[in-house]
Structure formats: structure tokens, C-alpha cells
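See structure below.
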Amino acid sequence: MTKENFFTRLFSFFKKKPKIEATTSQTSDKLLKRINDLEADIATYKKEITTLEQQLSQKEKVQFSGSEIGEKYLALKTDFEAKEKELKKLKKEVDDLQEEVDDLEDDKKEQKKKFDRELNQKIEEFQKSLNQLTAEKENLTNKLKDLEADKKLKSDSISFVNNILNARDADSKDYKYIFDKTTEICSYIQNEVTDVFKNILNRPMSDVQSNLYKWRNTELKTWLKDKKVIAIVGEFSSGKTSLVNKILNPNNDPKIIDLPTSSKETTAIPTYIEYAPDFYSRFVAPNGELKTIDTATFQMTKKEILDQVNVLSLIDTFVLGYQNKNIQNISILDTPGFGSNNKKLIEKTVTAIKEASAVFWLIDANTGEMNQSSINTIKEHLKGTELYVILNKCDTKSEKDLAALEAKIKSTVQQHGIVVKQFLRFSIKNETYRTQLMNVINSLNVQTNSNYISAIESLLKSHLKRKDDEYKNVQQQVANLTYQKEGKQNEIRNNSRSAVDACRNLGVTFNEHQNSVLGLGYGDKYYKMKYEDKAKYDRNVARITEIVNRFSSQNNELLNIENQIATLEKQAEELRADKKRMEQVTANLSRLITEYSKKK
């Protein structure tokens, strides 16, 4: 049934009336009028008859034959009887009509009952349809509200993205200088220094890129330098942001801008809070650039908005500056928590937490335990980190309940080998708890920055010194071998002179017997000499043989020395080139580091 047909039928039904014969009603009215007229006439006649009867009673002895009174009486009586007869007839008609009216009244009652039944049925149908329409209206209203909320959420998300994409560079000369110089240093190390280690020292640098990123990231985070860095961690809705707000604004000053809080998850990315002369809100882009956004944009950073966009591709971390003396030497890290399914966000959170001096893990006192998810997270990601456990929302529990809860959590962490430095309590309604927490924070050590670049410089200088020592050692070996070469050359010259003398003596012997030489050998047909000449001859031959053998050995030794010198000279040349390259790289790196340190 359509709405139009239903209402048309309903209104037409309300216009209906029970059917009563109009003719019968009119007839009844006429008869009643006639009866009333007759009754009035009868009453008049009765009055006249009564008067006549009174007159007759006074003259009862008088005879009425032909008298005036008798005639009048008889006429009245005749008329009366006629009227009375007509009245009876009319009364019968009235009775009949009354009976008909009664029947009509009964019919009218039945019609009314039927009408009431139909009316009630129509009302029930109408109410049912009205309920359906009301439910449909409520459903459509809710859908409209959802669509409007979704439209506003998407509109806010688009506005947020536009504000982020169009964010201006932070007005921080220090940050820009650090950004530029650390980029230059890291680029120089990645290109020049790593080349020296790989191609000259044959010692490829491991994890150089990740280590450079960590060093540069630490240098860029001026909000961490020389400060006590505390990380506020916990499961969703454990009150992390409310705790931070209480630290920032202990007196609930309306002029101080609080971090966004909600029954829904709000902190969607790691957020640092540091002291600043004036409030500012900034974010670090994935490329390391520091951008500034207005307060309204920052307050849009709620999870339901950020879930609409891939925020991690736009924002690495938020950095907020508060003019608050309570955090002059403190940097607070408010984390998204580990309940998220986004692995990249968890990795980013873990990286940020590892930069902290201490981690404060919040547990909602109403939850009543440290759940398995928290235990797994602490064991997997926070090993070696100084850990504090805070029972939050303590105003909702009695002292007895808090003591029991604390004992239960202590037992749990001990069973899993988790070391907790101290258990604390907190409530945004209790100033004593806040004071105790601040005392613990103020007792923490200041976070120290990485000296990775200085370590590279020192290592490079030590290798340069060893390279220089190696070069000098090779040069000394060349000098020693050169001296040996000269000595060996002198030996060969002396040996040559000895060989000349021996050959000359042998020549003299041959010259003395040159006319009788038939050949060398024994027998009558061969060269003949005296035994003393033969002995002299043998000595000269032996000496020449010895000189020749010694000359060959000395010549081999000289060649070996010369080869060694050539090898060492080549090595020395390579060492000299390597040393020069290393001196140049070391000097440039030292210059970059010195310039950066002085201006920083």
C-alpha cells in the first residue's frame, strides 16, 4: 500500500457516517408534532368538558331536552370521542414508529460497533504504517547523518592532506643548516670514504647507509639533543595522551593547547613535545624536511581522519613546541601504541622509542592486568630499555585494589623475565601522583648523541697512519735492497777482476806452449807439460770455474734484489697514491666535520 492510497482511504473512512433512513426520521418528526397538537386539543377539550360537568352538577335536576347546554355538551362529547379515537390511532402509529425507531436505534448501535471496529482496525493499520514510516525515517536519518559525517570526514581529510602538502618550511635556520651540512657529510662518506675503505683498505663498511641515517636523523632532531627523552607507551585507551596533557597543563589553563584526546584512538603517528618560547606545530617529512602547520591542522590529526589517507607517506613524526617550564630539559614522545595492525607504523614507533632515555608503559587500572600483547611487545622491541610501569586512572580504584593489581603485574613481569625499574601510579585528578612522576623524570640521564661520524674520522686517520707507516716501511726496504744491490755489484766487479787475472794466467800458460798444442787430453799425441805446469794449469782452471760459478750466483742474487726493488718500488708508488688519496679524503672529511661542529 502506498502512502497516498493509505491516507486517502483513511480520510475517506473518517468522513463516513452510519446510514439511517432520512424518510423515516422525517415521518417520525411529523407524527410527533401531530401527536403534540392532538394532545394539546384533548387537553383543551378535557378542560371544557370539566367545566360543563361542573355546570351539570349544579343543575343535575334540570332536564336538558333541547336546552343550549345539553346541545353543547353533546357536541363536545361527540367531538371528544372523535378526537380520542383519532388520538388512539395516532398513538398506535407512534408506538409503531417508536418500535421502528427502537429497531433503528439497535441498528444504529450495530452500525456504530461496526464503525468502531473498522475505525480501530484502520487506526491499527495506520499505527503500523506510521511505525514503519517512523522506523524508515529514523533509518534514513541515520544514513543521512552517516553520509554527512563521512562527507565531513572526507572533506576534513582532503583539507588535512592539502594543508600537509602545502605546508611551508619551518622557520628554523639551525635546522636548515644542520639539514644541508649533514646531507653533505653523509653524501661525502657514502661516495668518497666508502670508496677508500672498499678499494684501498679492502674493508667494505657494513651498514654504512643505515648508520649514517641514524646519525643524521639524531642530528636533525634538535628536540632530542641534550634532553631527557621519555617515551609514553601503552595499549589503546590507556590514557597516554591524557597523561602528557597533565604534564603540559597541570592547572588546566584554557590558553594552553592540549593534545587531541578522544574515546577513539587519536595519536596516529609518533609525536614529540619539547619546550619552545612560543607554541608551534611541525612535522618531519619522510625526506627529512621540517615543515610548519597551523594549530587547526594539527588538531585534525585524529586516527579517523588519518585512516583516510596514507599518512606515513606524508609525515614521519610530529614535533610540538610548548612554552612550559615543566619540560625545559625534557622531550616527550607520545606514541600511537602497539595495538595497530600497521607494521610500518609499529617499526616507526619502535625506532622512535629506542631514542628515549626511558620508557613509561601505561596500564589502565580498570583493565587490571598487563595483557599478553603488551608482554610480547616489551620482550620483542624494548629489551635493554629502562622501563617504568605506570598504573593509570588510579582514582577509580581503592588502595586495596591498587595494591593487589600492582602485585599481580609484578608477578607477571617477573615470570616473563621483564625488568621494571620502578612502578608508579597516576591520575589526572591527583597532583601527588604527577609530582612523583616528574621527580622520576627529572632524575633520568640526558640522552647522548651518536659519535658515528667522529668514529669514521678516527678510523680513517688510524688507517692513514698505518698506510703511511707501511709506505715508509716499503721505502726502507727499497733503501736496504739498494744498499745490498750496490754491495752485490761491488762483489761482481771484484769477482770479474779475479776472473780476468785467472784467465790472464791461464793465457800465459797457453802462450808458453802454443807451438806444441795438439789438443787437450792425455797420451803421446796430446799436449805435454810438466807436472808443476799441470798443477798451475789446474789451479787456474779451478779458480776460473769457481769465479764463473760465483759470478752466476752473484748475478742471480743481483737480479733477485733488482726484482725485489722493482716490486717494492711499484708497491711504494701504489702506497704513495693510496696515501695521497686517503690524506685528501681524510682532510676533506675533517674539514666538513670541523665546519659543522663550529657553526652548529
Side-chain angles (χ1 to χ4, degrees), residues 185-209 211-212 452-507 538-594:
I185 291 173
C186 290
S187 176
Y188 190 80
I189 290 176
Q190 282 184 305
N191 294 310
E192 304 299 329
V193 176
T194 54
D195 177 72
V196 167
F197 275 87
K198 179 181 179 180
N199 297 319
I200 295 180
L201 300 177
N202 294 320
R203 290 186 55 181
M205 299 174 68
S206 61
D207 300 326
V208 62
Q209 188 169 357
N211 287 325
L212 284 175
Y452 181 68
I453 300 300
S454 298
I456 290 179
E457 181 187 20
S458 298
L459 184 62
L460 193 58
K461 287 181 177 179
S462 66
H463 279 296
L464 176 60
K465 185 178 183 306
R466 282 198 290 271
K467 186 67 69 174
D468 185 61
D469 291 342
E470 186 179 356
Y471 175 69
K472 290 178 179 179
N473 181 52
V474 170
Q475 283 186 317
Q476 185 61 45
Q477 291 182 52
V478 170
N480 292 338
L481 288 172
T482 301
Y483 179 76
Q484 292 179 23
K485 175 182 175 181
E486 292 174 352
K488 192 60 65 178
Q489 288 173 335
N490 290 331
E491 290 179 3
I492 291 174
R493 280 193 290 270
N494 292 333
N495 198 40
S496 297
R497 283 192 290 270
S498 298
V500 170
D501 291 341
C503 289
R504 186 182 295 114
N505 293 332
L506 187 60
D538 289 341
R539 284 196 301 272
N540 287 326
V541 171
R543 185 180 179 189
I544 290 171
T545 302
E546 178 186 359
I547 290 171
V548 170
N549 291 335
R550 186 166 63 240
F551 180 80
S552 177
S553 174
Q554 288 173 339
N555 189 61
N556 289 335
E557 290 177 359
L558 179 60
L559 290 174
N560 183 46
I561 291 173
E562 288 178 342
N563 289 335
Q564 290 184 52
I565 290 174
T567 300
L568 289 172
E569 284 180 341
K570 181 179 179 181
Q571 184 179 352
E573 181 60 26
E574 291 175 353
L575 287 171
R576 186 192 66 77
D578 290 345
K579 189 167 76 75
K580 181 179 180 181
R581 166 76 170 147
M582 290 179 66
E583 287 173 344
Q584 181 183 12
V585 170
T586 303
N588 288 337
L589 179 61
S590 298
R591 175 182 57 79
L592 291 173
I593 293 174
T594 301

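Basis for what follows: all heavy atoms, side chains included, without hydrogens, waters or symmetry-related copies. All residue numbers in this chain count up from 1 along the given sequence. Fair warning: this is a prediction, and the values are worked out from it, not measured in the lab.
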[Y] side chain reached by [X] side chain, heavy atoms, under 4.5 Å:
X	Y	value
Asn473	Asp469	no
Ile189	Phe197	no
Ile453	Leu212	yes

Crowded around Gln209 CD? As in, over 12 foreign heavy atoms under 6.0 Å?
->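 Open: at most 12 neighbouring heavy atoms sit under 6.0 Å from CD of Gln209.
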Between the side chains of Asn480 and Gln484, is a donor N or O closer than 3.5 angstrom to an acceptor N or O?
->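 No, no side-chain donor-acceptor pair sits under 3.5 Å.
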Approximate separation, where rounding is to 0.5 Å, of [X] [atom1] and [Y] [atom2]:
X	Y	atom1	atom2	value
Asn494	Glu491	CG	CD	8.0 Å
Thr482	Gln489	OG1	CD	9.5 Å
Cys186	Asn191	SG	CG	11.0 Å
Glu569	Leu575	CD	CG	13.0 Å
Asn199	Thr194	CG	OG1	9.0 Å
Lys488	Asn560	NZ	CG	10.0 Å

Starting from the C-alpha separation in whole Å, work towards a yes-or-no answer on side-chain contact (heavy atoms from CB on, under 4.5 Å) for Ile456 and Met205.
-> CA-CA 10 Å; Ile456 290 179; Met205 299 174 68; 3.7 Å; yes
Between Asn555 and Leu559, does a side-chain contact (heavy atoms from CB on, under 4.5 Å) hold up when you go through it step by step?
-> CA-CA 6 Å; Asn555 189 61; Leu559 290 174; 3.8 Å; yes
Pick one: which of Arg576, Lys580, Glu573 meets side chain to side chain contact (heavy atoms under 4.5 Å, CB included) with Tyr471?
->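 Among the candidates, only Arg576 passes.
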Identify the residue among Thr567, Leu568, Ile561 that makes a side chain to side chain contact (heavy atoms under 4.5 Å, CB included) with Ile565.
->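 Single side chain to side chain contact (heavy atoms under 4.5 Å, CB included) partner of Ile565 among Thr567, Leu568, Ile561: Ile561.
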Contact summary for Met582 and Leu460, nearest pair of heavy atoms =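 So the two residues come closest at CE-O, 4.1 Å.
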What are the two closest non-hydrogen atoms of Val585 and Tyr188, and how far apart are they?
->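 Residues Val585 and Tyr188, closest heavy atoms: CA-OH, 3.3 Å.
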Could you walk me through whether Thr586 and His463 pass the side-chain contact (heavy atoms from CB on, under 4.5 Å) check?
-> CA-CA 10 Å; Thr586 303; His463 279 296; over 6 Å; no
Mind checking what makes salt bridge (Lys or Arg N to Asp or Glu O under 4.0 Å) contact with Asp195, not counting sequence neighbours?
->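 Per chain and number, Asp195 pairs via salt bridge (Lys or Arg N to Asp or Glu O under 4.0 Å) with Arg581.
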Knowing that exactly one of Lys472, Arg466, Lys465 qualifies, which makes a side chain to side chain donor-acceptor pair (under 3.5 Å) with Asp468?
->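 The single option meeting the side chain to side chain donor-acceptor pair (under 3.5 Å) with Asp468 is Lys472.
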Which residues share a side chain to side chain contact (heavy atoms under 4.5 Å, CB included) with Asn563, sequence neighbours left out =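 If we apply the side chain to side chain contact (heavy atoms under 4.5 Å, CB included) test to Asn563, skipping adjacent residues, there are no hits.
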Hey, mind stepping through Glu470 and Lys579 against side-chain contact (heavy atoms from CB on, under 4.5 Å) and telling me if it holds?
-> CA-CA 10 Å; Glu470 186 179 356; Lys579 189 167 76 75; over 6 Å; no
